[in-house]
Protein chains: 2
Amino acid sequence: MENDFIKELGYLGFATRLKRLSDMLLQDGRRMYQNLDVDIEPNWYLIFKLLSKHKQLGVTEIAQHLQLAHPSIITITNKMEKAGYLLSIRSKADSRKRVLSLSEKAIDKLPEYEIIWQAGIKSVKDALDDLNILNTLDELEKRFSKSGFQSRTLEQLNKN
Amino acid sequence: MENDFIKELGYLGFATRLKRLSDMLLQDGRRMYQNLDVDIEPNWYLIFKLLSKHKQLGVTEIAQHLQLAHPSIITITNKMEKAGYLLSIRSKADSRKRVLSLSEKAIDKLPEYEIIWQAGIKSVKDALDDLNILNTLDELEKRFSKSGFQSRTLEQLNKN
DNA sequence: CCATATTACGTAGTTAGCTACGCAAATTTA
DNA sequence: TAAATTTGCGTAGCTAACTACGTAATATGG
């Protein structure tokens with residue numbers, strides 16, 4: 001059945017389709033972890049990977065690296081800490097700061113998860129490589145960060 | 001500052017970047033409506049447009065046209081009804097069904113909103129036309145609906 | 001024509017983002 | 001060095017999607 005109204009809308013539906021697609025991938029990823037019987041959530045890989053590289057980071061630092069709002073990071077990392085994957089200690093140099101790092105459990109489990117992530121990378125790469133999607137994403141991010149959707153549209157409105 | 005860790009992750013970060021970008025556009029769209037002092041929400045345009053074309057549709061029918069889950073449609077349309085943009089009547093032919101249509105207020109306001117949407121379309125088109133993004137989206141949707149992220153990744157895992 | 005299956009809608013509860021705001025610690029500046 | 005500003009974290013409350021489940025009405029099939 002080919003009955004997708006949003007597609008008919010052309011550029012008007014652009015953002016909605018992007019959202020629909022990314023939500024779909026997210027849900028599918030969650031189901032994948034469940035089926036593999038792995039007790040992690042779809043966005044945790046970000047923290048695993050980032051702390052593998054940087055060892056110790058504060059909440060705000062993580063938020064900057066991932067370009068997400070800091071309360072989102074608190075939510076994610078609190079869950080990961082509760083699941084035993086993260087250590088959290090107060091910084092001695094700056095007592096406002098909470099330093100996060102991977103726990104032994106995390107380091108233990110990482111190779112197992114890495115296999116899954118590598119398979120994910122491979123499957124996406126195989127599926128999409130001809131589309132040059134990463135470069136397209138680079139461009140989208142660059143252009144919208146230079147001037148956002150709102151500012152572009154308001155500018156357009158003022159031309160009339 | 002160029003410090004985006006997710007970008008470093010290549011295809012691993014693909015879905016996250018998609019989500020981050022679409023969330024960003026959504027928030028920006030909401031702010032735009034606020035700044036224009038227009039009391040509608042970013043996803044309402046879908047219903048306005050769909051019911052402009054089809055006049056009368058049930059909840060499930062809308063969900064099918066938009067390829068979203070039906071509870072999402074209930075949430076959206078309930079708000080729109082509360083805001084006076086939708087009429088909702090029980091179907092005579094099938095008393096389970098609730099028939100939704102645009103109110104007079106909606107039809108009244110549509111031209112005003114259409115101007116905003118057209119400006120949005122134009123601004124996105126101007127910004128992205130060389131990227132061929134709609135065709136890329138077509139392909140992404142097609143490929144992932146044929147075989148989702150999970151099934152591709154599990155298949156990949158089983159190769160080892 | 002009655003039992004069963006399907007459909008349409010609704011509710012409850014989850015997740016992942018976000019903004020706005022507050023507080024306390026650190027830093028800067030006058 | 002005291003006052004003002006900035007920074008880092010935390011909480012509260014919002015939005016928009018989702019799944020799972022329940023119920024009532026309709027459709028189907030033996």
Side-chain angles (χ1 to χ4, degrees), chain A residues 6 15-31 33-35 40-47 56-83 88-100 148, chain B residues 6 15-31 33-35 40-47 56-64 66-81 83 88-100 148:
Chain A
I6 306 185
T16 307
R17 283 170 79 184
L18 227 49
K19 173 154 182 55
R20 193 175 57 174
L21 181 60
S22 67
D23 281 344
M24 192 256 275
L25 291 170
L26 184 73
Q27 307 294 337
D28 208 30
R30 175 184 318 286
R31 277 188 292 267
Y33 284 125
Q34 284 168 355
N35 287 343
I40 61 179
E41 290 181 25
N43 50 10
W44 291 9
Y45 81 95
L46 292 168
I47 310 292
Q56 297 199 321
L57 289 174
V59 171
T60 307
E61 287 164 334
I62 295 178
Q64 282 165 349
H65 279 294
L66 302 181
Q67 316 250 78
L68 296 174
H70 86 269
S72 309
I73 307 302
I74 293 178
T75 314
I76 299 172
T77 53
N78 280 349
K79 276 196 225 161
M80 290 181 70
E81 189 184 354
K82 205 167 172 182
S88 158
I89 43 170
R90 216 86 231 166
S91 163
K92 281 176 186 172
D94 182 342
S95 75
R96 293 168 305 176
K97 196 166 167 179
R98 193 159 62 93
V99 177
L100 296 168
Chain B
I6 305 184
T16 307
R17 283 170 81 183
L18 228 49
K19 173 152 182 58
R20 192 176 58 173
L21 181 60
S22 68
D23 280 346
M24 191 256 275
L25 292 170
L26 184 74
Q27 306 294 338
D28 208 31
R30 177 185 316 287
R31 278 188 292 268
Y33 284 126
Q34 283 167 356
N35 288 341
I40 62 180
E41 291 181 25
N43 51 10
W44 291 11
Y45 82 93
L46 292 167
I47 310 293
Q56 297 200 323
L57 289 173
V59 170
T60 306
E61 286 164 335
I62 294 178
Q64 281 165 349
L66 302 181
Q67 316 250 78
L68 296 174
H70 85 268
S72 310
I73 307 303
I74 294 178
T75 315
I76 298 172
T77 54
N78 279 350
K79 276 196 223 161
M80 290 181 71
E81 189 184 354
S88 158
I89 44 170
R90 216 85 230 167
S91 163
K92 281 176 185 169
D94 182 342
S95 74
R96 292 169 305 176
K97 196 167 168 179
R98 194 158 62 91
V99 177
L100 296 167

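We name chains A, B, ... by the order of the sequence lines, and we start the count at 1 in each one. None of the values given here were measured: they were computed from a predicted structure.
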When you look at A/Arg31 and A/Asp28, which way does the salt bridge (charged side-chain N to carboxylate O under 4.0 Å, His left out) test go after all the steps?
-> CA-CA 5 Å; A/Arg31 277 188 292 267; A/Asp28 208 30; 3.7 Å; yes
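Heavy atoms of B/Ser95 sit under 4.0 angstrom from primed sugar atoms or phosphate atoms, though from no base atom. When heavy atoms are screened at a 4.0 angstrom cut-off, B/Arg20 is found touching no nucleic acid atom at all.
Distance A/Leu66 CG to C/dG17 C1': 13 Å, rounded to the nearest Å. Protein atom CD1 of A/Ile40 is 16 Å distant from nucleotide atom C1' of C/dT15, rounded to whole Å. What separates CG of B/Leu26 from P of D/dT15 is a distance of 12 Å, to the nearest Å. Computed from coordinates, the A/Met24 CE to D/dC18 C1' distance equals 13 Å when rounded to whole Å. In this structure, CD1 of B/Ile73 is placed 14 Å from C1' of C/dG10, rounded to the nearest angstrom. The separation between B/Met80 atom CE and D/dA16 atom C1' is 15 Å, rounded to whole Å. Computed from coordinates, the B/Lys19 NZ to C/dT15 P distance equals 14 Å when rounded to whole Å. Between the CD1 atom of B/Ile6 and the P atom of C/dG17 there is a distance of 9 Å, given to the nearest Å.
Checking C/dC9, C/dT19, D/dC9 against every side-chain atom of A/Arg98, the shortest atom distance belongs to D/dC9. Closest to the side chain of A/Asp23, out of C/dC9, C/dA16, D/dA17, is D/dA17. Closest to the B/Ile74 side chain, of the nucleotides C/dC9, D/dC9, C/dC18, is C/dC9. Side chain of A/Gln27, nearest nucleotide from C/dA26, D/dC18, C/dT15: D/dC18. For A/Ile76, counting side-chain heavy atoms from C-beta on, the closest listed nucleotide (D/dG8, D/dT15, C/dG17) is C/dG17. Here D/dA12 is the nucleotide among D/dA12, D/dC9, C/dA16 with the atom lying nearest to any side-chain atom of A/Pro71.
The structure places CG of A/Leu100 at 9.5 Å from CD of A/Glu61, a figure rounded to the nearest 0.5 Å. With rounding to the nearest 0.5 angstrom, the CZ atom of B/Arg90 is 11.5 Å from the NZ atom of B/Lys97. The line from CG of B/Asn43 to OG1 of A/Thr16 is 7.5 Å long, rounded to the nearest 0.5 Å. From B/Leu68, atom CG reaches atom OG1 of B/Thr75 across 11.0 Å, with rounding to the nearest 0.5 Å.
Tested against B/Leu46, the residues B/Ile73, B/Ile76, B/Leu66 include a single side chain to side chain contact (heavy atoms under 4.5 Å, CB included) partner, B/Leu66. For the side chain to side chain contact (heavy atoms under 4.5 Å, CB included) test with B/Lys19, the passing option among A/Asp23, A/Leu18, A/Leu21 is A/Asp23; the others fail.
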Give me, pair by pair, the N or O atoms of the protein and of nucleotides 3-7 of chain D that are less than 3.5 Å apart, along with how far apart they are.
unit_1: D/dT7; atom_1: O2; unit_2: A/Arg96; atom_2: NH1; d: 2.3

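At the phosphate of C/dT15, neither OP1 nor OP2 sits under 4.0 Å from any side-chain N or O atom of A/Asn43. Close to D/dG8, at under 4.0 Å from its OP1 or OP2, lies no side-chain N or O of A/Arg90. When the side-chain nitrogen and oxygen atoms of B/Thr75 are compared with OP1 and OP2 of D/dA16, none of them lie within a distance under 4.0 Å. Between B/Thr60 and C/dC9 there is a side-chain polar atom (N or O) within less than 4.0 angstrom of OP1 or OP2.
Between the side chain of A/His70 and the base of D/dG8, no donor-acceptor pair under 3.5 Å is found.
Place B/Trp44 and A/Leu57 on DNA chain D by their nearest nucleotides, and A/Leu57 ends up nearer the 5' end. The residue among B/Arg31 and A/Lys79 whose nearest nucleotide of DNA chain C is located toward the 5' end is A/Lys79.
Between B/Arg98 and B/Val59 the shortest side-chain heavy-atom distance falls below 4.5 Å.
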